[in-house]
Amino acid sequence: MPLWEAAIYPVCDSMEEAVHQTLEAWREGFPIREDAISLKDSFNQADLSALLPWQEKVSDKVELEEILEAIDRKENLTRLVEQMRDGISERVKGELLKEAQRLSETELDQFSRKIRIYYVLSCFDEKYMDSCFATISSGILAGAVKGLCYDADAKMGKDQVTVNLPVRVNWGGGWSDTPPYCMEHGGTVLNAAVMLDGNCPIEVVVKKVDEPVIVLASADSGAEQTFTDISSLQDSSNPYDPFALHKAALIACGVIPYKDPISVQEITENLGSGLYLSTQVINIPRGSGLGTSSILAGACVKALYEMLGKEVTDEELYDRVLCMEQIMSTGGGWQDQVGGLAPGIKMVSSEPAIRQRITCVPCKISEKTRKELDERFCLIYSGQRRLARNLLRDVVGRYVGGIEDAVDVLYAIQQTAVLMRFELEKGNIDGFAELLNQHWELSKKLDASCTNTCIDMIFHSVEDLIDGKMICGAGGGGFLQVVLKKGVTQEDVRKRLREVFQDSGVDVWSCSLA
């Protein structure tokens, strides 16, 4: 009998079942079956009007798999969408959304796929970019608050504790400590703790008070508030709250519970007294780029633990600050707090993981090299506050989208950090300065708005006096950092800047390695 007329194809209710049964028949050598039909009969009986929707469904399924494969390979998703824009159906978008909602935020592979699905969907509807960043935040928060609990046995062991910390300057690897990059690749950062005018300008004071209350104060703004209601203390996610950082510190250190209801009076009875927590950043303008907010968080944790008589490792301090920042929903990376909490020049790194574990290794630098670096390193205030802008969203969004310039630069700046450490440990300040210049160029590729006309003019005005230049923090204002040529002094730079910029606020600030 001709194959065209042989009854060898089973009749099924679905395409999936038909494919399965046909494969089974093929494995058995296509036997003749009473419940089967031939190719001839199937074509004669086919509903031709159903073929087109079926073809569209198959096409959508193929397209969906292509998108998911591109996502898993972390390809340039913007380019992919541009190539497929006219062909992506509402059905494919719906299937992508279902897949994203199904995926976990605490498993790294699923987390990576989920944020990129939302990125693809955001190319058609911007609201999904909010879902992308919400996923990043909730993934980090889930890890950060894991094991977080109120310590009812904590006691106020001292009458008062004061902690002062230096600020930090970022030299190499900045942005690689920022989620989700550090979660997927690990981060590598070289930075240093710095004193201003010989002082550590970050200050936190914790002390006992006689009343059964918790008092929070910000010496910078003069704000102070007495709390007797636990719910208001547990609300630390409002970015406009002057005490959000204080509240997050109390939660992260187990002084108050994260969510559980308990009276402030009971908390203070357990502590043995009421509690006063005050923060201050001394004589540093806002938006400095010196990591003051995160270091202030670190100082809070350090002061609270000392007040409670708890001995903790440096790694536990870093972890608690990471927890604080996620409770406050501030985002950002981990290098700032480590930069202020750990003294000197150090290489800070993490391994790929949802929950970041920080390793901090001091650089082995000779006293001669340290002295030369101290003499040649100079901080310049730009005279302008770094403007608030959607920088984090822009840079992280381009990385998640697989934009090559962002992905490649993030890798290159980590390499630069490692090379900087090498040059410093070899005593080669000139080589370090050249790498600082290279990092500056990479920073501008990653974020063009990290510089502006004022910053460019400042660097240009002292070009003949310096060997290396770089912004502090994300740039766009605040402080700048330079490495002076041999024989040039900070006073030489100060004189030049005052000649060019008069009373605009552009000036050298006295600093030294801490």
Side-chain angles (χ1 to χ4, degrees), residues 166-177 182 185-195 289-291 314 333-336 338-351 358-380 408-446 459 462-473 479-490 492-493 510-514:
V167 291
R168 71 95 187 93
V169 286
N170 53 297
W171 285 341
W175 284 110
S176 74
D177 64 312
C182 61
H185 301 280
T188 308
V189 172
L190 180 74
N191 69 24
V194 172
M195 295 188 293
L290 299 176
D314 290 340
W334 38 250
Q335 77 144 313
D336 292 351
V338 183
L341 283 166
I345 302 167
K346 57 271 183 184
M347 182 70 77
V348 193
S349 61
S350 70
E351 295 295 324
I358 311 303
T359 300
C360 181
V361 180
C363 293
K364 299 176 181 178
I365 298 174
S366 69
E367 190 58 38
K368 178 183 176 182
T369 301
R370 181 185 174 90
K371 185 174 184 296
E372 180 185 347
L373 183 58
D374 234 345
E375 290 173 350
R376 295 178 62 184
F377 185 75
C378 180
L379 278 180
I380 300 172
D408 294 344
V409 166
L410 284 165
Y411 185 77
I413 61 176
Q414 291 187 89
Q415 292 179 309
T416 307
V418 175
L419 292 172
M420 284 178 170
R421 174 186 180 180
F422 177 83
E423 297 293 2
L424 287 175
E425 293 189 337
K426 291 296 182 182
N428 185 6
I429 303 300
D430 292 338
F432 167 75
E434 179 54 36
L435 288 167
L436 204 64
N437 289 329
Q438 292 178 26
H439 201 298
W440 173 227
E441 296 304 316
L442 290 169
S443 296
K444 289 187 285 187
K445 285 184 180 180
L446 190 62
F459 282 146
V462 296
E463 195 68 37
D464 60 320
L465 304 177
I466 63 175
D467 280 334
K469 58 181 179 289
M470 178 66 176
I471 51 175
C472 289
F479 281 86
L480 315 176
Q481 50 182 317
V482 296
V483 177
L484 307 178
K485 290 182 178 295
K486 290 180 179 178
V488 174
T489 66
Q490 290 189 8
D492 294 332
V493 177
S510 176
C511 68
S512 57
L513 297 173

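Rounding to the nearest 0.5 angstrom, the gap separating the CG atom in Asp374 from the OG1 atom in Thr369 is 12.0 Å. To the nearest 0.5 Å, atom CD1 of residue Ile471 and atom CD1 of residue Ile380 are 13.5 Å apart. Rounded to the nearest 0.5 angstrom, Met347 CE and Lys364 NZ are separated by 13.0 Å. Atoms CG and CD1, from Leu190 and Ile413 in turn, are 12.5 Å apart once rounded to the nearest 0.5 Å. Atom SG in Cys378 sits 14.0 Å away from atom NZ in Lys469 (nearest 0.5 Å). Residue Ser349 holds its OG atom at 6.5 Å from CH2 of Trp334, rounded to the nearest 0.5 Å.
Residues forming a side-chain hydrogen bond (donor to acceptor under 3.5 Å, both in side chains) with Asp492 (at least two apart in sequence, or on another chain): Thr489. Listed by chain and residue number, Arg421 satisfy the side-chain hydrogen bond (donor to acceptor under 3.5 Å, both in side chains) test with Glu425 (two or more places apart in sequence, or in another chain). Remark: Gln414 engages Ser176, Tyr181, Thr188 in a side chain to side chain contact (heavy atoms under 4.5 Å, CB included) (not counting sequence neighbours).
Considering every non-hydrogen atom in both Val194 and Cys511, the closest pair reads CG1-CB, 3.6 Å. Across all their heavy atoms, Glu463 and Lys485 have their closest contact at O-CE, 4.3 Å. What you find for Gly339 and Ala193 is that their closest heavy atoms are O-CB, 3.4 Å. Contact between Arg168 and Gly340 at its shortest, heavy atoms only, is CB-N, 4.2 Å. The two residues Ile358 and Ser350 have their closest heavy-atom pair at CD1-CB, 4.3 Å. Residues Ser443 and Met470 share a closest heavy-atom pair of OG-CE, 3.4 Å.
Side chain of Lys444 to main chain of Trp440: no donor-acceptor pair is present (N/O by atom type, distance under 3.5 Å, no hydrogens or angles).
With contacts defined as side-chain heavy-atom distances shorter than 4.5 Å, the pair Asp177/Val348 does not qualify. The shortest distance between side-chain heavy atoms of Met420 and Leu436 falls below 4.5 Å. Looking only at side-chain heavy atoms (C-beta outward), Leu373 and Phe432 come within less than 4.5 Å of each other. The closest side-chain heavy-atom distance from Leu424 to Cys363 is not below 4.5 Å. With contacts defined as side-chain heavy-atom distances shorter than 4.5 Å, the pair Leu513/Arg370 qualifies. Inter-residue side-chain proximity for Gln490 and Leu379 is flagged as unmet; no heavy-atom pair is nearer than 4.5 Å. With contacts defined as side-chain heavy-atom distances shorter than 4.5 Å, the pair Gln481/Phe377 qualifies. Proximity of Asp314 to Cys360: side-chain heavy atoms (C-beta onward) are nowhere separated by under 4.5 Å.
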| request: Apply side-chain contact (heavy atoms from CB on, under 4.5 Å) to Val189 and Lys346, showing your working. | output: CA-CA 8 Å; Val189 172; Lys346 57 271 183 184; over 6 Å; no
| When you look at Trp171 and Asn191, which way does the side-chain contact (heavy atoms from CB on, under 4.5 Å) test go after all the steps? | CA-CA 5 Å; Trp171 285 341; Asn191 69 24; 5.7 Å; no
| Can you list the steps and then say if Gln335 with Asn170 is a side-chain contact (heavy atoms from CB on, under 4.5 Å)? | CA-CA 8 Å; Gln335 77 144 313; Asn170 53 297; 3.6 Å; yes
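Between Arg376 and Asp467, at least one side-chain nitrogen of the basic residue sits less than 4.0 Å from a carboxylate oxygen of the acidic one, meeting the salt-bridge criterion. At a threshold of 4.0 Å, the pair Glu375-Lys371 counts as salt-bridged, since one of the basic side-chain nitrogens sits closer than that to a carboxylate oxygen.
Under 3.5 Å, the side chains of Asn428 and Glu423 contain a donor-acceptor pair of N or O atoms.
Under the side chain to side chain contact (heavy atoms under 4.5 Å, CB included) test applied with Ile466, the options Val488, Leu484, Asn437 reduce to a single match, Leu484.
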